[in-house]
Novice: 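The structure's right below; bear with me while I get my questions together.
Being a predicted model, the structure only gives us computed values, none of them experimental. A, B, ... follow the sequence lines: proteins, then strands. Residue 1 opens every chain.
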There are 2 protein chains.
Amino acid sequence: MNIRTLCLGILSLQEASGYEIKKEIEEGVFNHFIDASYGSIYPALTQLNAEGLLSVRSEEQLGRPDKKVYAITEEGKTVLAKGLSVVPARDKYKSEFLFVMLLQHLLSKQDIGRAMGKQHADLMEDLARIENCNGENCSDEMSNLPGAAFVAGYGRTVLRAAADYLEQCQPELKKQTFKAAE
Amino acid sequence: MNIRTLCLGILSLQEASGYEIKKEIEEGVFNHFIDASYGSIYPALTQLNAEGLLSVRSEEQLGRPDKKVYAITEEGKTVLAKGLSVVPARDKYKSEFLFVMLLQHLLSKQDIGRAMGKQHADLMEDLARIENCNGENCSDEMSNLPGAAFVAGYGRTVLRAAADYLEQCQPELKKQTFKAAE
DNA sequence: TGATGCATGTAATCCGTTACATGATTCA
DNA sequence: TGAATCATGTAACGGATTACATGCATCA
C-alpha cells in the first residue's frame with residue numbers, strides 16, 4: 001500500500017486539505033503505524049485529483065494560500081475498495097534500539113541506560129496518543145469508526161507489553177514519566 | 001543507523017561474506033526488526049572495505065564465484081562503537097494491516113478474516129524464528145551474546161501480546177497453526 | 001528435469017524524506 | 001520579538017528494493 005491509498009482512505013471518512021491529512025496522521029490513531037510527509041502527500045493529492053479519484057474545492061483564506069479541500073469521488077471509492085481488499089503486506093518493523101541492545105557489550109552502562117530511557121519514553125508517548133484519541137483532540141469521524149476500537153486496542157496491547165518488558169528489566173523506568181531522552 | 005553500521009555490527013561478531021550476512025539477517029534474531037537486500041549489502045561491503053573499516057580474504061570455490069570473507073578492522077571497531085553510542089532513532093513501524101482494519105467497514109467479512117489470518121500467521125512465524133534461535137539453526141556468536149536474551153525476550157513479549165490480542169478477538173485463530181494466508 | 005541453494009554484483013527504478021521558498025497571523 | 005500554526009508546493013537527494021545477469025551443484 002502507498003500514500004495514494006492512505007489519502008483515499010482518510011478522505012473516505014471526511015474531506016480535508018493536505019495540511020489536515022498530515023495533521024490527522026501525526027496526531028491521530030494512525031501515528032504509530034503510518035507516517036507521511038508533505039513532500040509525498042501534496043503530489044499524491046494532485047495526481048489523484050488529475051485521475052478523477054478526488055475532487056477539489058478552493059476555500060479562500062485571509063493572507064494565506066487558498067485552502068484546497070479534497071473530497072473522494074465515486075470512482076475514488078471504487079479504487080479504494082479494490083486497494084483495501086488486497087491481502088495487506090507484512091508489517092514492517094525497524095528498530096535501531098534492538099540492534100544496539102543486541103550489541104550492548106560494546107557500550108557503556110550510561111549509553112545503555114539512555115537507550116532504554118529513550119525507548120521507554122517513545123512507547124509512553126505513543127500510548128498517550130492512543131488514549132487521547134478517545135477524548136477530545138481527535139476527529140469524530142475517526143474515533144467513531146467500527147475499526148477504531150480494534151486498532152486502538154491492538155496498539156495499546158503491543159505498546160503496553162513492550163513498556164512492561166522494559167520496566168521489568170529496569171524498574172527505575174516506572175518512575176520516569178518525563179523524558180529521560182536526548 | 002544504516003546498513004553500514006549493521007554490517008559492521010554483524011562482522012564484529014564473526015567474519016562473513018555478503019551472502020552469509022543476508023542469511024543471518026533473514027534467519028536470525030535480526031529478522032523481525034531489520035531487513036536488507038543484496039542490492040544494499042554488497043555495495044556497503046565494498047565501500048566499507050575501501051575505507052579500511054573491513055578487510056577481505058578470497059576463498060576459492062569450485063564452480064562458483066570466489067567467496068569474499070570480510071572481517072572488521074580495528075578502525076572499523078572504533079567507527080562501530082561511535083555509531084552505536086549515538087542515541088538510537090525512534091522505532092519505525094508500518095502496518096497496512098492496521099490501516100485496513102481501521103477501514104474494515106468497507107470490507108467483506110471474508111476479507112477481514114483473511115487479513116486477520118495473515119497477520120496471525122506472520123506473527124507466529126516471527127515467534128517461531130525467535131524460539132529456533134536458541135536451538136540449532138543460529139550462529140553461536142549471535143545467541144551467546146549478552147544482549148541476545150534481552151532482544152529475544154523483547155520480541156517474544158511484543159509478538160505474543162499481538163497474537164493474544166488477535167486470538168481474543170477471533171478465537172478460531174488459536175487452532176490455525178498453519179497458514180490461512182494468500 | 002526443474003527448483004533451490006550457493007555466490008556476487010550492477011543498473012534501473014521507486015518511494016519517500018529533507019530542505020527550500022513564501023508569508024500572514026496569533027500567542028507568549 | 002520570536003516561535004508556532006496555518007498553508008501549499010517543488011527540487012534535490014537518499015536509501016533501499018527489484019530485476020537483471022551468470023552459473024554450477026545438489027536434491028527431489
Side-chain angles (χ1 to χ4, degrees), chain A residues 1-8 11 15-27 30-31 33-50 54 56-70 83 89-96 99 137 139, chain B residues 1-8 11 15-27 30-31 33-50 54 56-70 83 89-96 99 137 139:
Chain A
M1 202 180 39
N2 43 25
I3 294 194
R4 289 167 54 84
T5 313
L6 177 64
C7 289
L8 248 20
L11 292 171
E15 38 172 53
S17 64
Y19 189 85
E20 286 161 351
I21 290 176
K22 173 91 189 300
K23 235 184 106 189
E24 187 73 55
I25 294 174
E26 262 172 8
E27 294 168 17
F30 293 117
N31 179 273
F33 62 92
I34 278 176
D35 52 7
S37 59
Y38 291 129
S40 57
I41 293 173
Y42 284 123
L45 254 18
T46 308
Q47 198 194 333
L48 251 16
N49 177 52
L54 298 180
V56 213
R57 164 169 58 83
S58 268
E59 268 181 23
E60 276 180 53
Q61 312 256 127
L62 309 169
R64 285 184 198 158
D66 282 7
K67 186 171 166 177
K68 291 190 184 175
V69 180
Y70 292 90
R90 197 191 186 91
D91 285 1
K92 268 159 207 141
Y93 174 58
K94 296 208 182 184
S95 177
E96 290 193 11
F99 181 69
N137 186 324
S139 70
Chain B
M1 205 181 36
N2 43 26
I3 294 195
R4 289 167 54 85
T5 313
L6 177 64
C7 289
L8 247 22
L11 292 172
E15 39 172 52
S17 65
Y19 190 85
E20 286 161 350
I21 291 177
K22 173 91 189 302
K23 235 185 107 188
E24 187 72 55
I25 295 175
E26 262 172 7
E27 294 168 16
F30 292 117
N31 178 274
F33 62 91
I34 278 176
D35 52 8
S37 58
Y38 291 130
S40 58
I41 293 173
Y42 283 123
L45 254 19
T46 308
Q47 197 194 335
L48 251 16
N49 178 52
L54 298 180
V56 213
R57 165 170 56 85
S58 268
E59 268 180 24
E60 276 180 54
Q61 311 257 127
L62 308 169
R64 283 181 199 160
D66 282 7
K67 186 171 168 177
K68 291 190 183 175
V69 180
Y70 292 90
R90 198 192 185 91
D91 285 1
K92 269 158 205 140
Y93 174 60
K94 296 208 181 184
S95 176
E96 289 192 13
F99 181 69
N137 187 324
S139 69

Novice: To the nearest Å, how far apart are B/D66 CG and D/dT22 C1'?
Specialist: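 Distance check: B/D66 CG to D/dT22 C1' gives 15 Å.
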
Novice: Could you tell me whether A/K23 contacts a base, only the sugar-phosphate backbone, or nothing, with contacts defined as non-hydrogen atoms closer than 4.0 Å?
Specialist: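 Here A/K23 touches the backbone only, sparing every base.
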
Novice: Looking at A/S40, I'd like to know whether one of its side-chain N or O atoms comes within less than 4.0 Å of OP1 or OP2 on C/dT17.
Specialist: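 Answer yes for this pair, as a side-chain N or O of A/S40 is under 4.0 Å from OP1 or OP2.
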
Novice: A/K94 NZ to D/dA16 P: how many Å, rounded?
Specialist: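 Those two atoms, NZ and P, are 6 Å apart.
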
Novice: What's the CG-P distance between B/N2 and D/dT17, to the nearest Å?
Specialist: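 Interatomic distance, CG of B/N2 to P of D/dT17: 12 Å.
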
Novice: Could you work out which one of D/dT10, D/dT18, C/dC6 sits closest to the side chain of A/P43?
Specialist: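 Nearest to the side chain of A/P43 among the choices is D/dT10.
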
Novice: Between P on D/dG14 and NZ on B/K92, what's the gap in Å once rounded to a whole number?
Specialist: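 Interatomic distance, NZ of B/K92 to P of D/dG14: 16 Å.
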
Novice: In degrees rounded to 10°, what angle is found between the helical axes fit to the five outermost pairs at each end of the helix from C/dT1-D/dA28 to C/dA28-D/dT1?
Specialist: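 Computed angle between terminal axes is 50°.
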
Novice: Output yes when a side-chain donor or acceptor of A/E59 lies under 3.5 Å from a complementary backbone atom of A/K67, and no otherwise.
Specialist: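 No, because the side chain of A/E59 does not come within donor-acceptor range (under 3.5 Å) of the backbone of A/K67.
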
Novice: Look only at the side chain of A/N31 and the backbone of A/I34, and say whether a donor-acceptor pair between them is shorter than 3.5 Å.
Specialist: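 Not a single qualifying donor-acceptor pair exists.
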
Novice: Measure from CD on A/E26 to P on D/dA7 and round the result to the nearest Å.
Specialist: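 It is 14 Å, rounded to the nearest whole Å.
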
Novice: Which nucleotide in the set D/dC6, C/dT18, D/dT10 lies at the smallest distance from any side-chain heavy atom of A/Q61?
Specialist: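 The listed nucleotide nearest to A/Q61's side chain is D/dC6.
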
Novice: Would you say B/D35 and A/K94 make side-chain contact, with heavy atoms under 4.5 Å?
Specialist: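 Yes, at least one pair of side-chain atoms sits under 4.5 Å.
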
Novice: Less than 4.5 Å apart, any side-chain heavy atom of A/I41 and any of A/L6?
Specialist: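 The answer is no; the side chains never approach within 4.5 Å.
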
Novice: Looking only at side-chain N and O atoms, does A/Y93 offer a donor or acceptor that is under 3.5 Å from a partner on B/D91?
Specialist: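 Short answer, yes.
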
Novice: Kindly say whether A/Y42 contributes a backbone atom to a donor-acceptor pair with the side chain of A/T46 at under 3.5 angstrom?
Specialist: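 A pair under 3.5 Å: yes.
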
Novice: Taking for each residue the nucleotide of DNA chain D bearing the nearest heavy atom, is the 5' side occupied by A/G39 or by A/K67?
Specialist: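 Residue closer to the 5' terminus by nearest nucleotide: A/K67.
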
Novice: Choosing from C/dG9, D/dT8, C/dT17, which nucleotide comes nearest the side chain of B/Y42?
Specialist: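 For the B/Y42 side chain, the nearest candidate turns out to be C/dG9.
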
Novice: Determine the contact category for A/S17: base if any of its heavy atoms lies under 4.0 Å from a base atom, sugar-phosphate if only primed atoms, P, OP1 or OP2 are that close, otherwise nothing.
Specialist: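 Sugar-phosphate only.
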
Novice: Is the phosphate of C/dT8 approached by B/Y19 (side-chain N or O, under 4.0 Å from OP1 or OP2)?
Specialist: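 No.
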
Novice: From C-beta outward on A/D35, which listed nucleotide comes closest to its side chain: D/dC6, C/dT17, D/dA16?
Specialist: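 Minimum distance to the A/D35 side chain belongs to C/dT17.
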
Novice: Starting from C1' on C/dT10, measure out to CG on B/L45 and report it in whole angstrom.
Specialist: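 From B/L45 CG to C/dT10 C1': 15 Å.
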
Novice: Just the rounded figure in Å: distance from P of C/dT18 to CD1 of A/I41.
Specialist: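 These atoms are roughly 13 Å apart.
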
Novice: Measure from CD on B/E60 to P on D/dG23 and round the result to the nearest Å.
Specialist: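 Distance, rounded to whole Å: 19 Å.
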
Novice: Any donor and acceptor pair, going by atom type alone, linking the side chain of B/E60 with main-chain N or O of B/D66 inside 3.5 Å?
Specialist: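 Judged by distance alone, no pair lies under 3.5 Å.
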
Novice: Is the shortest side-chain N/O distance from B/K68 to OP1 or OP2 of C/dG9 below 4.0 Å?
Specialist: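 Indeed, a polar side-chain atom of B/K68 lies that close.
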
Novice: Hey, does the side chain of A/E20 reach the backbone of A/S17 with a donor-acceptor pair shorter than 3.5 angstrom?
Specialist: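 Yes; at least one donor-acceptor contact below 3.5 Å.
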
